[in-house]
Amino acid sequence: MKSMHGWRHGQERGKSLTPREREVMDLLVEGRANKVIADRLGISIRTVEVHRARVLAKLGARNAVELVWRMHTDRMAVVAEMQGLRVAEGGADGWDRRAD
């Protein structure tokens with residue numbers, strides 16, 4: 001597994017997402033199928049596939065599952081830091097549960 005530090009760089013790249021790519025990403029993260037995304041946004045399935053591929057490339061994720069996992073992990077890291085917990089760079093799940 002890659003460290004979370006790589007994902008934080010992915011977050012910076014995520015700022016380059018277009019508004020439409022963000023819409024597709026939000027629906028993708030909700031677990032919506034390409035056909036559902038296409039219907040909801042009024043675009044073709046092929047266009048959804050293109051936007052989806054661009055989102056994954058810009059954020060450095062290999063697939064939608066990795067994208068969701070990274071987003072969740074990053075959110076948890078922010079919460080942990082706010083609570084004074086230290087986030088480990090290694091380990092099986094990437095977390096160090098010891099308080100500073």
Side-chain angles (χ1 to χ4, degrees):
M1 277 191 257
K2 294 181 181 180
S3 74
M4 287 179 10
H5 299 289
W7 174 241
R8 290 178 193 250
H9 295 297
Q11 276 186 315
E12 294 301 316
R13 288 182 297 209
K15 292 178 181 175
S16 69
L17 293 177
T18 66
R20 181 61 92 184
E21 288 168 346
R22 264 187 210 288
E23 288 177 315
V24 169
M25 181 188 72
D26 290 343
L27 293 168
L28 181 63
V29 168
E30 288 178 11
R32 308 291 181 208
N34 289 349
K35 183 178 183 339
V36 173
I37 295 171
D39 288 344
R40 184 156 312 168
L41 298 179
I43 58 179
S44 73
I45 294 172
R46 179 63 186 136
T47 302
V48 171
E49 292 169 352
V50 169
H51 287 311
R52 177 183 175 138
R54 288 182 181 159
V55 167
L56 295 176
K58 286 181 179 182
L59 297 179
R62 290 173 287 201
N63 54 49
V65 173
E66 183 177 344
L67 175 66
V68 172
W69 180 84
R70 286 180 171 199
M71 291 177 74
H72 173 74
T73 302
D74 187 63
R75 263 193 215 131
M76 295 306 295
V78 169
V79 170
E81 288 172 11
M82 288 171 45
Q83 293 176 350
L85 299 174
R86 193 167 41 116
V87 178
E89 291 193 30
D93 62 359
W95 288 96
D96 183 352
R97 291 173 180 79
R98 294 173 285 165
D100 289 335

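Predicted model, so just to flag it, every value in this text is computed and none were measured.
Scored by the salt bridge (charged side-chain N to carboxylate O under 4.0 Å, His left out) test, D26 finds no partners at all (sequence neighbours excluded). Applying the side-chain contact (heavy atoms from CB on, under 4.5 Å) criterion to A64, with sequence neighbours excluded, gives L28, R52. In this view, R40 satisfies the salt bridge (charged side-chain N to carboxylate O under 4.0 Å, His left out) rule with no residue, not counting sequence neighbours.
Here the closest heavy-atom approach between residue V55 and residue E21 is recorded as CG2-O, 3.5 Å.
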Just list the side-chain donor-acceptor pairs under 3.5 Å for residues 44-51, sequence neighbours left out, or say none.
residue : atom : partner : partner atom : Å
S44     : OG   : T47     : N            : 3.0
S44     : OG   : T47     : OG1          : 2.8
R46     : NH1  : E49     : OE1          : 3.4

Mind running side-chain contact (heavy atoms from CB on, under 4.5 Å) on I43 and R20 for me, showing each step along the way?
CA-CA 10 Å; I43 58 179; R20 181 61 92 184; 4.0 Å; yes
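Atoms CZ and CG, from R32 and D39 in turn, are 12.0 Å apart once rounded to the nearest 0.5 Å. The distance from the CD atom of E23 to the CG atom of L17 is 11.5 Å, given to the nearest 0.5 Å.
Side-chain contact between L67 and M25 is present, with at least one heavy-atom pair separated by less than 4.5 Å.
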